[in-house]
Amino acid sequence: MRIATWNVNSVTARLPRVLAWLESTGTDVLCIQETKTTAEQFPSEELRELGYESAVNATGRWNGVAVVSRVGLEDVVRGLPGGPEYEGVEEPRAVSATCGPVRVWSVYVPNGREVDHPHYAYKLQWFEALRAAVAEDAAGGRPFAVLGDYNVAPTDDDVFDRSLFEGSTHVTEAERAALAALRGTGLTDVVPRPLKYDHPFTYWDYRQLGFPKNRGMRIDLVYGNAPFSKAVTDAYVDRDERKGKGASDHAPVVVDLEV
DNA sequence: ATGCCGGCGAGGCGCCGA
């Protein structure tokens, strides 16, 4: 079974690539972030023609997440139970579903913007709500994983140059403590293989030759519980998908499971 | 070559991303 997570930066703009990628990789379950559509505009019909069902939580221009599966899609939950609002709005940043033997969440963690910005406090609150919401499944006996764009680099090695991130979000102690608390529920970071260079970055800024210079970050993560992690046979970053015209600024993270 | 930002909704540009 092949499960992946991919921040597509607009599923509308990325649709040809997403469809071709699903076909060429034979991915069974894809967790999507930043759909940048409403649920009505999500390309459920095009995906259905390829044999995939879609669970979507999306409201328009910003954010938006989905789980796309060709191995079943049941018990869909849209949103983060107990999650905080931002400026009075409950943003579409989480959706979960059971796909065959595995339960997955697709999450798009708030960016935080700046350390002294309200969005950063919101980010930390969001993490705490996520921890509480997944604790039971994380400790359970069924393969379970939280996949998505976490907007945190777990270690200093997960950014291309730590010195450039001094005082920035994504590398702070509080954000990493939030990740550690999430792992404390029983989840493990399933670190993918890099297909080139020595570190599995998943994101490269569009600007200033970020990708050709490999000035990347590893912020798209797969956190699996013990039954999930035990079943992993391979994991890699499909950096080829970051190449060329019409690429997202994130590459897919792919996990193969023997379940 | 992987090559100098892209997407969206608004509206003739600003916001957002990390």
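Below, chain A is the first sequence line, B the second, and so on; all start at residue 1. Being a predicted model, the structure only gives us computed values, none of them experimental.
Backbone-only engagement by A/Tyr203 is indicated by non-hydrogen atom pairs under 4.0 Å involving sugar-phosphate atoms exclusively. Backbone-only engagement by A/Tyr108 is indicated by non-hydrogen atom pairs under 4.0 Å involving sugar-phosphate atoms exclusively. If you check every strand for non-hydrogen atoms under 4.0 Å, A/Thr169 touches nothing. If you check every strand for non-hydrogen atoms under 4.0 Å, A/Asp149 touches sugar and phosphate atoms only.
Of the candidate nucleotides B/dC8, B/dA18, B/dC5, B/dA18 has the atom lying nearest to any side-chain atom of A/Asn111. Nearest to the side chain of A/His119, among B/dC8, B/dA18, B/dG17, sits B/dG17.
Atoms CZ (A/Arg242) and C1' (B/dC4) sit 12 Å apart, rounded to a whole Å. B/dG3 atom C1' lies 13 Å from atom CZ of A/Arg239, rounded to whole Å. Nucleotide B/dG17 holds its P atom 8 Å from the CG atom of A/Asn63, rounded to whole Å. In this structure, A/Tyr206 places its OH atom 10 Å from P of B/dC8, rounding to the nearest Å. Atom pair A/Tyr120:OH and B/dA18:P shows a separation of 16 Å (rounding to whole Å applied). One atom, NZ of A/Lys245, and another, C1' of B/dC5, lie 11 Å apart when rounded to the nearest Å. Summarising the geometry, the separation between CG on A/Asp205 and C1' on B/dG6 is reported as 10 Å, rounded to the nearest angstrom. Distance A/Arg93 CZ to B/dG17 C1': 11 Å, rounded to the nearest Å.
Taking a 4.0 Å limit (strictly below) on heavy-atom distances, residues 208-216 of chain A reaches DNA chain B at A/Gln208, A/Leu209, A/Phe211, A/Pro212.
Spacing of C1' atoms, B/dC15 relative to B/dA10, comes out at 11 Å, to the nearest Å. Taking atom P on both B/dG9 and B/dC4, the two are 25 Å apart, rounded to the nearest angstrom. Taking atom P on both B/dG6 and B/dG12, the two are 23 Å apart, rounded to the nearest angstrom. B/dA18 and B/dC5 are spaced 13 Å apart, taking the C1' atom of each and rounding to whole Å. As rounded to the nearest Å, B/dG3 and B/dG7 have P atoms that lie 14 Å from one another.
Each of A/Val146, A/Val134, A/Val77 was scored for a side-chain contact (heavy atoms from CB on, under 4.5 Å) with A/Arg103, with one residue passing: A/Val77.
Listed by first and then second residue, the side chain to side chain donor-acceptor pair (under 3.5 Å) pairs involving residues 177-191 of chain A are A/Arg183-A/Tyr223, A/Asp189-A/Arg218 (not counting sequence neighbours).
Contact check on A/Arg2 versus A/Asp28 returns no salt bridge, with no Lys/Arg side-chain nitrogen under 4.0 Å from an Asp/Glu carboxylate oxygen.
Between A/Val109 and A/Asn9, it is A/Asn9 whose nearest contact on DNA chain B lies nearer the 5' terminus. Nearer to the 5' terminus of DNA chain B, by closest-nucleotide assignment, is the contact made by A/Lys243 (compared with the other of A/Thr12 and A/Lys243).
Side-chain atoms of A/Trp21 and A/Asp238 form a donor-acceptor pair, as typed in the model, at a separation below 3.5 Å. Remark: the A/Glu34 side chain and the A/Asn9 side chain contain no N/O donor-acceptor pair separated by less than 3.5 Å.
By the 4.5 Å heavy-atom criterion applied to side chains, A/Phe201 and A/Phe211 are not counted as neighbours. At least one side-chain heavy atom of A/Arg239 sits under 4.5 Å from a side-chain heavy atom of A/Trp204. Side-chain contact check for A/Thr202 versus A/Arg242: every heavy-atom pair is 4.5 Å or farther apart. Side chains of A/Tyr86 and A/Pro110 form no contact here, defined as non-hydrogen atoms less than 4.5 Å apart.
For B/dA18, one of the phosphate oxygens OP1 or OP2 lies less than 4.0 angstrom from a side-chain nitrogen or oxygen of A/His250. For the pair A/Arg14 and B/dG7, the criterion of a side-chain N or O lying under 4.0 Å from OP1 or OP2 is met.
With hydrogens and angles disregarded, a donor-acceptor distance shorter than 3.5 Å links the side chain of A/Arg14 to the backbone of A/Gly246.
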Using the 3.5 Å cut-off, write out each protein N or O paired with an N or O of nucleotides 11-16 of chain B and the distance between them.
residue, atom, partner, partner atom, Å
B/dG14, N2, A/Arg61, NH2, 2.1

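Between A/His117 and A/Tyr120, the distance from one ring center to the other does not fall under 6.0 angstrom.
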